[in-house]
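Structure first, commentary second.
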Amino acid sequence: MVNPKCIEKEAPTVKEKAELEQENGRGRQIGIMGGTFNPVHIAHLVAAEQAMTKLRLDEVWFIPDNIPPNKNAPLTSAKDRATMLDLATKDNPKFRVKLLELFRGGVSYTVDTMRYLKEKAPQNNYYLIMGSDQVNSFHTWKEASTLAKLVTLVGIRRPGYPQDPQDPQYPQYPQYPMIWVDAPDIQLSSTAIRRSVATGTSIRYLVPEAVRKYIVEKGLYLDETNF
């Protein structure tokens with residue numbers, strides 16, 4: 001069952017209002033991590049923690065997609081994905097789960113979400129945290145130029161994706177300011193997690209233990225076509 005604390009509708013909660021009043025209008029520094037989180041795994045959490053600590057962010061918000069624009073893999077239910085995110089982040093007081101895109105419905109476009117967040121709390125500064133593969137495809141995102149003006153782009157360094165503009169393999173795109181954050185190299189993906197479950201391979205230590213138990217209890221990812 002989804003923890004009600006992670007379900008936040010459009011109106012600010014009492015806690016959010018109190019936080020804003022306490023800060024006397026000072027904007028918070030908020031990291032944003034989007035994705036299907038199907039399922040969330042330790043590489044997501046490590047990237048969020050590294051970006052948060054190195055950039056001195058106040059919080060990192062995990063925002064699961066409703067329908068991703070660029071992925072074809074069948075999605076586990078929104079309820080299951082949100083619950084796993086809640087289980088994975090509940091021990092870190094600076095990690096929060098926001099279900100804005102699930103409530104909005106339809107295809108999830110980051111630019112729409114960031115427009116909403118900036119209208120709701122214009123005093124906040126938002127940092128969009130992406131893996132290097134996402135950075136290299138950023139130019140294909142809906143209204144990428146507009147999105148780059150709404151947020152600070154943060155790339156998590158990953159081997160195999162050049163970040164030096166002088167490198168001949170450096171992509172032509174994106175032509176946007178980017179902050180790069182070094183993080184431990186964890187070669188892991190949600191696709192690999194699903195494949196491991198379907199083939200009976202252990203995922204212990206690849207996802208938080210509470211998430212692993214939830215996957216087992218609910219019988220998720222047992223269909224070998226769900227990659």
Side-chain angles (χ1 to χ4, degrees), residues 6 30-57 59-65 68-76 78 80-99 101 108 110 126-138 141 151-163 171 178-199 201-216 218 220-221 226-227:
C6 81
I30 306 296
I32 300 292
M33 286 199 72
T36 58
F37 300 110
N38 187 33
V40 59
H41 51 69
I42 61 168
H44 294 132
L45 303 175
V46 169
E49 178 72 12
Q50 292 296 309
M52 183 176 68
T53 56
K54 291 177 179 177
L55 299 181
R56 299 183 179 181
L57 305 180
E59 293 179 340
V60 173
W61 294 356
F62 293 78
I63 304 181
D65 295 338
N70 298 316
K71 291 189 178 181
N72 297 319
L75 286 182
T76 303
D80 285 331
R81 291 184 291 121
T83 300
M84 287 187 285
L85 263 179
D86 187 45
L87 291 170
T89 60
K90 65 181 181 179
D91 292 334
N92 190 325
K94 292 188 176 183
F95 284 177
R96 299 181 68 180
V97 178
K98 298 278 188 173
L99 305 185
E101 295 182 349
S108 299
T110 304
Y126 296 99
Y127 297 75
L128 183 61
I129 303 168
M130 302 179 289
S132 299
D133 51 344
Q134 291 177 304
V135 171
N136 288 1
S137 66
F138 182 78
W141 293 22
V151 300
T152 297
L153 301 177
V154 178
I156 302 297
R157 293 189 190 275
R158 180 177 173 187
Y161 292 88
Q163 289 95 34
M178 180 73 57
I179 296 175
W180 288 100
V181 172
D182 290 318
D185 178 21
I186 302 177
Q187 297 292 325
L188 187 60
S189 69
S190 295
T191 300
I193 297 294
R194 297 194 300 272
R195 182 179 292 111
S196 292
V197 174
T199 57
T201 304
S202 174
I203 60 169
R204 192 184 296 273
Y205 309 123
L206 302 182
V207 299
E209 182 62 9
V211 172
R212 186 191 69 81
K213 289 181 178 179
Y214 185 87
I215 290 172
V216 172
K218 295 294 182 178
L220 302 181
Y221 309 126
N226 190 29
F227 293 162

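When a residue number appears, it is its place in the shown sequence, counting from 1. Note that the structure is a prediction, hence the values are computed from the model and not measured.
Atom OG1 of T191 sits about 10.5 Å away from atom OH of Y221, to the nearest 0.5 Å. Taking CD1 of I203 as the reference point, atom CD1 of I215 lies at 4.0 Å (rounded to 0.5 Å). Between the CD1 atom of I30 and the CE atom of M52 there is a distance of 11.0 Å, given to the nearest 0.5 Å. A distance of 11.0 Å separates CG in L85 from CZ in F95, rounded to the nearest 0.5 Å. The line from CD1 of I129 to CD1 of I156 is 6.5 Å long, rounded to the nearest 0.5 Å. For the atom pair CZ of R81 and CG of L220, the computed distance is 11.5 Å after rounding to the nearest 0.5 Å.
The heavy-atom pair separating L99 from A82 by the smallest distance is CD2-CB, 3.9 Å. P184 and V46 get closest at one heavy-atom pair: CD-CG1, 3.9 Å. Taking every heavy atom of both residues into account, G155 and M178 meet most closely at N-SD, 3.5 Å. Scanning all heavy atoms of the two residues, the minimum distance from V207 to V40 falls at CG1-O, 3.6 Å.
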Exercise for the section: Please assess D65 against T36 for the test side chain to side chain donor-acceptor pair (under 3.5 Å), listing each intermediate value before the final yes or no. Expected result: CA-CA 5 Å; D65 295 338; T36 58; 5.5 Å; no

Exercise for the section: Please assess T76 against F37 for the test side chain to side chain contact (heavy atoms under 4.5 Å, CB included), listing each intermediate value before the final yes or no. Expected result: CA-CA 9 Å; T76 303; F37 300 110; over 6 Å; no

Practice task
Step by step, work out the side chain to side chain contact (heavy atoms under 4.5 Å, CB included) result for L153 and V135.
Solution key: CA-CA 9 Å; L153 301 177; V135 171; over 6 Å; no

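Checked against ring-ring contact (aromatic ring centres under 6.0 Å, His included), Y127 has no partners two or more places apart in sequence or in another chain. For Q50, the side-chain hydrogen bond (donor to acceptor under 3.5 Å, both in side chains) test picks out K54, with sequence neighbours left out. D182 meets the salt bridge (Lys or Arg N to Asp or Glu O under 4.0 Å) test with R157; sequence neighbours excluded.
There is no side-chain donor-acceptor pair under 3.5 Å between N38 and S190.
Of the possible donor and acceptor atoms, none in the side chain of R212 sits under 3.5 Å from a partner among the backbone N and O of Y205.
Here the side chains of W61 and T89 are not in contact, with every heavy-atom distance at 4.5 Å or above. Residues P93 and E59 have side chains not in contact (no heavy-atom distance under 4.5 Å, counting atoms from C-beta outward).
Between H41 and H44, the two ring planes are parallel [angle under 30°; tilted spans 30° to 60°].
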